[in-house]
Amino acid sequence: MTVRVRFAPSPTGYLHMGGARTALFCWLFARQHRGTFILRIEDTDAERSTWEMTQGILDGLAWLGLDWDEGPYLQSEGIPLHREAALSLLEKGLAYRCFATPEQLEIQRHQEQAKGGQWRFDPFSRHLSRAESDRLAAEGRPFVVRFRVPDDARVRFVDHVYGEQERTAKDIEDIALLRPDGTPLYNLSVVVDDIRMRITHIIRGQDHLINTFKQVLLYQGLGAPLPEFAHLPLILAPGKAKLSKRAHGEVVAVTTYKQRGFLPGAFRNFLALLGWAPGDDREILSTEEMIQLFDLDAINRANAVFNFTEGDPENWTDSKALWMNGVYLTRTPIDELLPHVERTLKDAGLWDEAWAGPERERFAATVDLIRQRYHSLLDFAGRGRPYFSEDYAFEPEAVEKNLAEPRLRAWLPMLAERLVAVDPWVHEGVEQAIRGLAEELGVKAGVLINAARTACTGQKVGPGLFELLVVLGRDRVASRLRRAVSRLPL
RNA sequence: GGCCCUGUCGUCUAACGGUCAGGACACCGGUCUUUCAAGCCGGCAGCACGGGUUCGACUCCCGUCAGGGCCGCCA
């Protein structure tokens, strides 16, 4: 039997961290078993469901590289089928019409709660004879269709994460299937859809663990084989509070990570390690490794805290995620990284088409050189600006430290002249020219080196100077050196 | 309140009765260097608490405490 898993988010407009991890785990599991990954949007709550809301989810998944094999299906498309299933249950006597009003139910619930118990059903409706029930329905009395949980029900299933689960009828209330207007409710819809889509493994958040008992009963009532279940622990905010967009803002939405310069692979890797570990000490895992090593039974049962500091720009998200992005930035094969950098530079208005054509090699060398100390794609357009544009800023601190020597007024043009003569334009030649001039001038090489760094980039720090100059190119270096003279003190 | 789940460094985690309780991030030192990172080396830091069971418990059992989930004619 081939594995079929589905990710079934509600259309909330954006992909939540928790949802993203659920989707990732579903995807890893499906890929590992060469199965099918299905995307289904749970849009039966008509009020809240718009296509824009769905689009946000799709964008998040696409960015993460979690491609689905079937769908997106809309749960609302199956409404007639859901209703049909409910009616068949009613027909078979496994469900009944519940005529209690919401107000009555609320009172019943309160009374039950006061007694320390749990509300399970409306006694009046549940014990109504078929004839009586038909009569009230014919009269036009509104009713909800409810599944009758057998009094001797004992529901068991083995969860891949939480282990054996068991519950008896006294802890399971009768399941609302259809509203008075005939529209289906969640528990019914998921089960019917999961059956018709032949889902073999249900991987979802732990908040659905309790629903599972009801759903198992529905599978049985509908005569369908049970899928396997794996409930994932939740991802909490610092302080173990519930993580929500409302309370915590953009950190919870995956598009934020895209906007803030994350490489999708890095984020995927970080997410994978929230609740799961390969068993050995590896942290950086390629997608292939993750697919190979992933194991539902190895998932941690405890909720994970997503650790970030609100209001701290340095730690706007979990520091491990930040670190991981840096690792991916420096280790991703350069050809794979280039498109991401291109996107970033385009967004910043710094892109030059030549870098995709005749200048590609130099562009790649530049990126490869500066990425060593970057942690985000955004750094290429920020700190990396001098490498891609003539319009770059001079940091006051850098000028103060490296362009303070008045004699540089003469030395910088001299240096430019020497460098123009360097041929071929390679590391050794450039280094020789600079060190040679320093010696002739009787100054420490560091003086010229640091002055050249600031003159050519406006910055105090950066890659090794000789590599830096090579990558910038002879002409650019010479002109920047000469232009920088204006920054010197008199 | 009821039912259920969970509890190893600040955070993510490994351990499946016998380990000096391991790794990673963060943090703090050192090293390297023309600068800053990275890298490398080192350090700090944890079995929630109390009882059992056992020759021996982070591992098993019970209780306490703490945190979380669910308790809709939402999904």
Side-chain angles (χ1 to χ4, degrees), chain A residues 8-12 42-45 47-49 75 98 100-102 105-106 109 112-119 142-146 159 161-163 165 167 170-173 176-181 183 185-187 189-190 205-211 213 231 233-234 236 238-242 270 273-284 298 300-308 315 318-324 326-327 330 370-375 383 398 401-402 431 434-435 438 444-454 459-466 468:
Chain A
S10 312
T12 48
E42 313 258 290
D43 64 340
T44 38
D45 187 355
E47 334 260 283
R48 296 193 284 221
S49 303
Q75 185 157 67
C98 175
T101 64
L105 291 180
E106 199 178 333
R109 282 204 171 86
E112 211 52 53
Q113 206 170 77
K115 282 193 294 182
Q118 198 192 357
W119 179 87
F143 61 85
V144 157
V145 174
R146 263 184 216 286
D159 188 90
V161 178
Y162 289 94
Q165 302 292 317
R167 209 154 186 167
K170 69 174 175 37
D171 292 317
I172 309 172
E173 64 181 40
L177 266 23
L178 252 34
R179 292 187 180 90
D181 68 359
T183 55
L185 268 344
Y186 175 73
N187 280 304
S189 295
V190 229
Q206 185 241 52
D207 46 338
H208 286 288
L209 192 60
I210 306 289
N211 281 327
F213 293 97
H231 287 87
L234 271 23
L236 271 23
K240 302 204 177 188
K242 193 183 167 98
F270 170 74
L273 262 26
L274 233 40
W276 173 74
D280 52 33
D281 287 337
R282 273 183 286 182
E283 303 270 344
I284 303 293
N300 198 327
R301 293 181 186 186
N303 293 338
V305 171
F306 182 50
N307 200 22
F308 58 94
N315 292 297
D318 196 296
S319 62
K320 195 158 188 169
L322 257 11
W323 163 78
M324 200 158 288
V327 171
T330 58
I370 62 181
R371 68 167 166 165
Q372 298 308 322
R373 63 212 64 221
Y374 289 177
H375 290 89
R383 296 153 68 194
K401 177 173 176 285
N402 295 331
E431 175 162 10
I434 295 179
R435 291 197 188 280
K444 280 194 290 188
V447 174
L448 291 186
I449 288 172
N450 287 322
R453 174 189 308 288
T454 299
Q459 298 169 352
K460 193 172 71 172
V461 303
L465 181 81
F466 312 122
L468 185 165

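Just so it is clear: chains get the letters A, B, ... in the order the sequence lines come, proteins before strands, and each one is counted from 1. Computed from a predicted model, the values in this text were never measured in an experiment.
- The base of B/rC12 sits within donor-acceptor range of the side chain of A/Lys320, with an N or O pair under 3.5 Å.
- The side chain of A/Trp323 lies closest to B/rA24 when the candidates are B/rG67, B/rA75, B/rA24.
- When Watson-Crick and G-U wobble pairs are counted only if both distances are under 3.5 Å, B/rC27 pairs with B/rG43.
- No donor-acceptor contact under 3.5 Å links the side chain of A/Gln206 to the base of B/rG68.
- Rounded to an integer number of Å, the gap from CG of A/Asp207 to C1' of B/rC4 is 14 Å.
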- Message: Evaluate A/Lys320 against A/Asp318 for salt bridge (charged side-chain N to carboxylate O under 4.0 Å, His left out), listing each step before the verdict.
- Response: CA-CA 5 Å; A/Lys320 195 158 188 169; A/Asp318 196 296; over 6 Å; no

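- Distance from the side chain of A/Val461 is smallest for B/rC36 among the nucleotides B/rC12, B/rC25, B/rC36.
- With distances taken from any side-chain atom of A/Val305 to the nucleotides B/rC12, B/rA75, B/rG23, the minimum falls on B/rC12.
- Here B/rU6 is the nucleotide among B/rU6, B/rA75, B/rG67 with the atom lying nearest to any side-chain atom of A/Tyr162.
- Listed nucleotides: B/rU34, B/rG69, B/rC71. Nearest to the side chain of A/Leu234: B/rG69.
- Pairing of B/rC3, defined by two Watson-Crick or G-U wobble distances under 3.5 Å, is identified with B/rG69.
- Spacing between atom CZ of A/Arg282 and atom C1' of B/rG22 amounts to 16 Å, rounded to whole angstrom units.
- Going from the C1' atom of B/rU54 to that of B/rG18 covers 12 Å, rounded to whole Å.
- Closest to the side chain of A/Lys242, out of B/rG69, B/rG23, B/rU6, is B/rG69.
- Taking the side chain of A/Arg373 as heavy atoms from C-beta on, and the options B/rC36, B/rU34, B/rA24, the nearest nucleotide is B/rC36.
- Residue side chain A/Arg301 does not reach the base of B/rC5 through any donor-acceptor N/O pair under 3.5 Å, judged by distance alone.
- Pair assignment for B/rG50: B/rC62, on the basis of Watson-Crick or G-U wobble contacts that are both within less than 3.5 Å.
- The CG-P distance, from A/Asn187 to B/rA75, rounds to 9 Å in whole Å.
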